[in-house]
Novice: 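Take a look at the following structure, please.
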Amino acid sequence: MLCSRILLRKSCEDVLRLGVRTGHPRFFNQISCGLDLVSMAGEWLTATANTNMFTYEIAPVFILMEKSVMARMWEAVGWDPEKADGIFAPGGAIANLYAMNAARHQLWPRSKHLGMKDIPTLCCFTSEDSHYSIKSASAVLGIGADYCFNIPTDKNGKMIPEALEAKIIECKKEGLTPFFACCTAGSTVYGAFDPLERVANICERHKLWFHVDAAWGGGMLLSPEHRYKLAGIERANSVTWNPHKLMGALLQCSACLFRQDGLLFQCNQMSADYLFQQDKPYDVSFDTGDKAIQCGRHNDVFKLWLMWKSKGMEGYRQQINKLMDLANYFTRRIKETEGFELIIENPEFLNICFWYVPSKIRNLEPAEMRARLEKIAPKIKAGMMQRGTTMVGYQPDKQRPNFFRMIISNQAITREDLDFLIKEIVDIGESLE
């Protein structure tokens with residue numbers, strides 16, 4: 001018993017020991033990291049106000065801020081702010097759910113009241129490298145996870161448009177009704193941008209709702225130098241965009257944007273007369289709670305409004321361009337350093353996926369080296385955590401052995417931090433038994 005207590009205490013001490021943290025510039029383990037002080041100030045003030053956002057009379061300033069920020073986001077996407085709509089949601093997964101639900105409602109509005117009873121068997125499509133929340137939305141809405149079809153991607157992680165169209169045609173022949181296709185702008189693992197223009201053409205041809213999950217890559221719209229990666233996003237019916245990722249807002253801060261105004265109200269409105277009376281002495285369209293699927297709604301917009309006011313468009317341009325420059329620098333450095341191998345030779349975003357192959361296994365037969373390589377990334381990461389100096393994530397994918405998934409999203413990262421990471425990986429990797 002005494003021995004087990006000692007071991008438990010030692011384990012807790014290891015966990016609680018101060019080392020690299022999520023806001024540290026050498027923490028590369030996830031997409032949302034870093035600490036923006038202006039956003040933090042906004043979060044504190046939001047907590048101090050402690051108000052809800054379902055009606056204008058309760059949170060008039062925050063409701064107007066949401067509309068102001070939304071207008072900037074609609075303009076960035078390329079939509080007319082006078083005709084667009086949107087809502088801040090508790091995370092990108094829920095934003096994607098909003099989009100799929102609105103797509104179904106537009107085509108079959110009776111489903112809101114009667115469910116799936118009189119609706120044909122629906123199906124939807126997303127890339128095999130998309131976020132799992134698209135398949136989850138299909139399950140939650142009663143369409144079924146098995147009727148959300150994964151479309152193959154190319155060697156760079158981009159959806160193959162020809163494969164999408166072939167699957168749509170196949171589904172129609174089998175008696176299914178395709179209604180929704182999702183492109184990813186900045187995939188979770190490889191940071192890939194699907195070919196939006198080509199997929200938009202397919203969706204128009206087959207009359208599908210076109211959704212773009214730009215939760216990770218949406219911030220690129222604020223960089224004139226890099227927004228071309230999202231060419232065609234203005235043709236989408238809906239867009240998910242998470243400012244808590246590339247823009248650096250504190251968690252959570254997610255928006256679902258719609259090209260068509262009014263659809264959210266039609267889809268989600270329940271007209272609870274104890275909240276949403278229609279004879280109030282102001283424009284009741286400002287009671288945005290009736291277009292949300294939840295009642296109480298946390299204010300996620302003030303911190304973003306404050307950040308945007310502080311940085312301006314030029315500040316965000318510089319922030320995003322700096323991160324892209326750092327990603328290019330890191331890619332160049334690991335290409336120059338012996339033992340590193342890139343999964344995608346020329347990453348197009350802030351995700352850099354790679355192996356480190358220690359010198360002692362570089363000359364093994366391919367099958368044996370692959371088996372050994374499976375264990376290298378986990379061991380190196382364990383060494384990083386033991387030292388408390390840095391952290392980077394790893395994972396397997398598509399029959400590939402475990403590889404590092406490096407994310408450069410923290411505004412505080414410097415070239416020195418990236419050089420340190422390379423040196424640390426080599427040092428730990430070469431010391432492995």
Side-chain angles (χ1 to χ4, degrees), residues 77-79 84 92 95-108 119-138 141 143-188 190-218 220-221 227-241 256-260 263 348-349:
V77 170
W79 293 339
N96 286 332
L97 176 65
Y98 268 110
M100 191 178 290
N101 193 34
R104 182 178 64 179
H105 181 83
Q106 185 187 54
L107 294 170
W108 293 279
I119 291 179
T121 304
L122 304 181
C123 63
C124 54
F125 310 88
T126 191
S127 109
E128 63 182 354
D129 289 337
S130 68
H131 195 269
Y132 71 89
S133 60
I134 302 300
K135 195 172 282 286
S136 174
S138 187
L141 292 173
I143 295 160
D146 288 351
Y147 287 97
C148 180
F149 296 106
N150 290 336
I151 305 303
T153 55
D154 63 19
K155 65 179 182 179
N156 295 314
K158 298 172 179 287
M159 182 194 287
I160 301 171
E162 294 81 3
L164 170 63
E165 187 154 33
K167 190 64 179 177
I168 291 171
I169 293 169
E170 178 189 325
C171 288
K172 286 180 176 180
K173 287 179 179 177
E174 293 179 355
L176 302 178
T177 303
F179 82 108
F180 178 97
C182 172
C183 272
T184 304
S187 60
T188 305
Y190 298 112
F193 290 80
D194 289 338
L196 306 186
E197 289 279 17
R198 294 174 66 192
V199 173
N201 291 339
I202 293 168
C203 289
E204 286 182 6
R205 232 176 357 255
H206 294 277
K207 296 181 173 53
L208 270 64
W209 179 283
F210 177 36
H211 176 65
V212 177
D213 181 358
W216 176 206
M220 294 282 271
L221 293 168
R227 66 167 290 136
Y228 71 90
K229 296 178 188 291
L230 293 99
I233 194 170
E234 72 282 355
R235 298 174 65 186
N237 298 99
S238 55
V239 172
T240 290
W241 180 350
C256 191
L257 313 175
F258 292 85
R259 192 172 63 191
Q260 178 185 337
L263 187 59
E348 64 175 335
F349 196 27

Novice: Any side-chain heavy-atom pair from Lys135 and Thr126 closer than 4.5 angstrom?
Specialist: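 The answer is no; the side chains never approach within 4.5 Å.
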
Novice: To the nearest 0.5 Å, how far apart are NZ in Lys229 and CG in Asp194?
Specialist: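 One finds 13.5 Å between NZ of Lys229 and CG of Asp194.
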
Novice: Are the side chains of Leu122 and Tyr147 in touch, meaning some heavy atoms are under 4.5 Å apart?
Specialist: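 In short, these two side chains do not touch, never coming nearer than 4.5 Å.
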
Novice: Specify the closest pair of heavy atoms between Glu234 and Trp79, including all atoms of both residues, with the distance to one decimal.
Specialist: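 Closest approach of Glu234 to Trp79: O-NE1, 3.0 Å.
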
Novice: Which residue, Leu208, Asn150, Ile202, Ile134, forms the side chain to side chain contact (heavy atoms under 4.5 Å, CB included) with Phe125?
Specialist: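 Passing option: Leu208.
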
Novice: Does Asn237 use its side chain to pair, donor to acceptor, with the backbone of Phe210 at less than 3.5 Å?
Specialist: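 Pair found, side chain donor or acceptor close to backbone of Phe210.
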
Novice: Pick one: which of Lys172, Lys173, Lys167 meets salt bridge (charged side-chain N to carboxylate O under 4.0 Å, His left out) with Glu170?
Specialist: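 That would be Lys167; it is the only one of Lys172, Lys173, Lys167 passing the salt bridge (charged side-chain N to carboxylate O under 4.0 Å, His left out) with Glu170.
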
Novice: Can you tell if the side chain of Phe180 reaches within under 4.5 Å of the side chain of Leu141, non-hydrogen atoms only?
Specialist: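 Of all side-chain heavy-atom pairs linking Leu141 with Phe180, none is under 4.5 Å.
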
Novice: Do the charged groups of Glu162 and Arg198 touch, with an N to O distance under 4.0 Å?
Specialist: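 Looking at Arg198 together with Glu162, the answer is yes, because their closest N to O distance falls below 4.0 Å.
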
Novice: For Thr188 and His131, test the side chains for any donor-to-acceptor distance below 3.5 angstrom and give the result as yes or no.
Specialist: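 His131 and Thr188 do not have a side-chain donor-acceptor pair below 3.5 Å.
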
Novice: Starting at CD1 of Ile143, measure out to OG1 of Thr121 and round the result to the nearest 0.5 Å.
Specialist: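 Going from CD1 on Ile143 over to OG1 on Thr121, the span is 11.0 Å.
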
Novice: Indicate the atoms forming the closest heavy-atom contact of Met159 with Ile151, along with that distance.
Specialist: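 Minimum heavy-atom separation between Met159 and Ile151: CG-CG2, 3.8 Å.
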
Novice: With a 4.5 Å cut-off on side-chain heavy atoms, are Ile233 and Trp241 touching?
Specialist: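 Answer no - side chains too far apart.
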
Novice: Which atom pair, heavy atoms only, marks the closest approach of Cys124 to Met100?
Specialist: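 Scanning both residues completely, I find the closest heavy atoms to be SG-CE, 3.8 Å.
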
Novice: At what distance, to the nearest 0.5 angstrom, does SG of Cys256 lie from CG of Asn96?
Specialist: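 Interatomic distance, Cys256 SG to Asn96 CG, rounded to 0.5 Å: 7.0 Å.
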
Novice: Please report the C-alpha distance between Thr153 and Asp129 in whole Å, then the side-chain angles of each, then the deciding distance to 0.1 Å, and finally whether the side-chain hydrogen bond (donor to acceptor under 3.5 Å, both in side chains) criterion is met.
Specialist: CA-CA 7 Å; Thr153 55; Asp129 289 337; 3.1 Å; yes

Novice: May I ask you to decide if the ring planes of Phe349 and Trp216 are parallel, tilted or perpendicular, using 30° and 60° as cut-offs?
Specialist: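 Geometry flag for Trp216 against Phe349: tilted rings.
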
Novice: Provide the closest heavy-atom pair for Ala102 versus Phe258 in the form atom of the first, atom of the second, distance.
Specialist: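 Smallest interatomic distance, heavy atoms only, reads CB-CE2, 3.4 Å.
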
Novice: Is there a side-chain contact between Pro178 and His206, using heavy atoms and a 4.5 Å cut-off?
Specialist: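 Counting from C-beta outward, Pro178 and His206 never come under 4.5 Å.
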
Novice: Strictly distance-based, threshold 3.5 Å: is any side-chain N or O of Arg227 a donor or acceptor partner for the main-chain N or O of Leu221?
Specialist: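 Yes, the answer is positive, given that a donor and an acceptor are paired below the 3.5 Å cut-off.
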
Novice: Side chains of Ile168 and Arg205: closer than 4.5 Å at any heavy-atom pair?
Specialist: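 Answer no - side chains too far apart.
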
Novice: On a heavy-atom basis, which atom in Glu197 and which in Ala231 lie closest, and how many Å separate them?
Specialist: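 Shortest heavy-atom contact: CG-O, 3.6 Å.
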
Novice: State which residue, out of Ser127, Cys182, Cys183, fulfils the side chain to side chain contact (heavy atoms under 4.5 Å, CB included) condition with Val199.
Specialist: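 In the set Ser127, Cys182, Cys183, the residue that makes a side chain to side chain contact (heavy atoms under 4.5 Å, CB included) with Val199 is Cys183.
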
Novice: If I compare all heavy atoms of Trp209 with all of Cys203, which pair ends up nearest, and what's the gap?
Specialist: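 Closest approach of Trp209 to Cys203: O-SG, 4.4 Å.
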
Novice: Given 3.5 Å as the limit, does a donor-acceptor pair link the side chain of Asp154 with the main chain of Asn156, or not?
Specialist: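 Side chain of Asp154 to backbone of Asn156, a donor-acceptor pair under 3.5 Å: yes, one is there.
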
Novice: Are any non-hydrogen side-chain atoms of Arg235 and Leu196 less than 4.5 angstrom apart?
Specialist: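 No; the side chains remain at least 4.5 Å from each other.
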
Novice: Roughly how far, to the nearest 0.5 Å, is the OG atom of Ser138 from the CZ atom of Phe149?
Specialist: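 With rounding to 0.5 Å, CZ (Phe149) is 9.0 Å from OG (Ser138).
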
